[in-house]
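The next block holds one structure in the form of structure tokens; read it before the comments.
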There are 2 protein chains.
Amino acid sequence: MAEPTDIPRAVIQRISIYLRQLERLTVDDVETISSAQLGKAIGSSDAQVRKDLAYFGQFGRRGVGYNVPALARALRTILSLDREWRVALVGAGNIGRALCTYRMFRERGFRIVALFDDDPRKEGCTWGRLKVRPMRDLARVVRNERIELGIIAVPQAGAQAVAEQLIAAGVRGILNFAPIRIHPPGGVEVCSVDLAIELQQLAFLTAHLHR
Amino acid sequence: MAEPTDIPRAVIQRISIYLRQLERLTVDDVETISSAQLGKAIGSSDAQVRKDLAYFGQFGRRGVGYNVPALARALRTILSLDREWRVALVGAGNIGRALCTYRMFRERGFRIVALFDDDPRKEGCTWGRLKVRPMRDLARVVRNERIELGIIAVPQAGAQAVAEQLIAAGVRGILNFAPIRIHPPGGVEVCSVDLAIELQQLAFLTAHLHR
DNA sequence: AGTTGTGAACTGATTCACAGCC
DNA sequence: GGCTGTGAATCAGTTCACAACT
């Protein structure tokens with residue numbers, strides 16, 4: 001077992017993927033699975049599965065494998081998905097709308113409880129149950145709504161300022177969709193999704209594919 | 001210099017990021033930059049920058065640094081961004097809409113030239129210049145429009161089938177937003193963006209942050 | 001017999017450090 | 001003096017291989 005802080009990000013990502021697969025297996029009433037089967041389903045090796053799990057403890061029975069519902073429960077706890085996460089979304093544009101309605105967020109316990117945008121034309125509009133609020137309300141709402149995570153879905157130009165405001169308001173984790181690097185102070189985590197870079201990488205790989 | 005096929009994905013991603021930074025510098029009329037400066041701007045070391053570039057050739061002048069516009073040009077060529085990429089988007093939902101209007105795709109030469117969705121209520125609707133077409137038209141349109149890349153923005157259940165249809169239609173690269181692993185045959189590249197996993201990773205990191 | 005858990009070996013990526021050039 | 005390009009050294013992540021257990 002290891003300190004949570006020195007677990008590689010790749011391991012955490014794979015643990016998330018194992019959990020998703022285990023939940024599918026639970027629906028199909030599969031009781032038990034081996035590391036080899038689980039690895040095959042998600043595209044890694046048996047050894048990789050076992051090593052990843054070993055960061056967090058011992059979950060299997062030798063000669064048998066892993067109990068599917070029990071392992072799923074354990075992984076949910078490890079990933080802190082056994083509780084609700086309250087989230088602020090900044091940016092009421094097209095990406096914001098897509099994230100707002102993304103089912104899998106809600107299924108996993110992520111609740112977008114506040115929506116911000118500084119475009120005065122959007123202010124006061126409602127998206128489902130959410131009202132678009134101006135950025136000047138951010139700090140107050142984050143505090144009152146006990147919001148822990150922020151999502152940045154604004155264009156590049158505004159993103160750095162939004163990050164600073166989220167951090168100042170007390171948010172502890174940020175998911176950033178803007179194409180900039182955010183330098184958080186200690187005590188704040190940032191994960192970034194850079195759509196243009198993903199597509200560029202795909203273009204490179206495709207162009208150099210020997211058919 | 002190395003064969004394009006054995007360049008790590010991480011290197012390609014960083015090269016994309018260097019290019020973005022260089023284009024910002026070009027706008028600001030910066031002529032020359034050192035590996036240390038470039039690295040600092042995007043959060044890696046000087047040695048990392050030089051090693052990454054070394055996969056593709058020699059671009060700098062010792063004692064001086066790199067010429068910004070020249071290096072940007074070279075990186076655009078390396079990444080195959082010096083041409084247009086024709087793209088099919090499958091899934092006229094919220095994520096599809098966000099991708100359709102995403103500026104940075106267009107700025108980089110990616111043109112979404114066809115939009116598909118099998119929901120009959122959406123069929124025939126238009127998004128900007130794009131008409132929503134049924135999946136049965138996919139193969140013909142991909143051929144006629146000389147489409148090389150596909151984006152999957154449909155829910156999990158349909159994603160595998162969509163991938164197969166795209167591949168059968170002759171697409172050579174796929175950007176996948178559905179939460180499944182796609183097993184492409186040789187000659188096809190897949191990159192995946194898994195939004196739920198990104199947010200879960202953020203939750204894990206945030207939960208285990210020693211404040 | 002079958003499968004886990006894990007130290008050891010290996011592979012790949014990053015950082016170091018310095019020769020070579022401007 | 002300053003900075004690149006690169007081999008050598010280090011570090012991290014993955015795979016191997018087998019003892020321990022059911």
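Since we're looking at a predicted model, the values are computed, not measured. Reminder, nothing fancy here: chain letters follow the sequence lines and each chain counts from 1.
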Give the rounded distance in Å between these two atoms: [atom1] of [X] and [atom2] of [N].
X	N	atom1	atom2	result
A:D6	D:dA12	CG	C1'	12 Å
A:K51	C:dA8	NZ	P	11 Å
A:Q48	C:dT3	CD	C1'	18 Å
A:R50	C:dG5	CZ	P	8 Å
B:I15	C:dT14	CD1	P	12 Å
B:L53	C:dA13	CG	P	17 Å
B:Q37	D:dG2	CD	P	13 Å
B:D52	D:dG5	CG	P	12 Å

Mind telling me whether A:F204 and A:H208 have parallel, tilted or perpendicular rings, with 30° and 60° as the class edges?
tilted

[X] side-chain N/O to [N] phosphate OP1/OP2 under 4.0 Å:
X	N	result
B:Y55	C:dG12	no
A:S35	C:dT3	no
B:S45	C:dT15	yes

Using a heavy-atom cut-off of 4.0 Å across all strands, would you classify A:R14 as base, sugar-phosphate, or nothing?
sugar-phosphate

For the side chain of A:R62, starting at C-beta, report the closest nucleotide among C:dT3, C:dG7, C:dT14.
C:dT3

Side-chain contact check for B:Q58: nearest option of D:dT6, D:dA17, C:dT3 is D:dT6

Option among B:N176, B:L149, B:I152, B:I147 that satisfies the side chain to side chain contact (heavy atoms under 4.5 Å, CB included) test with B:L166:
B:I152

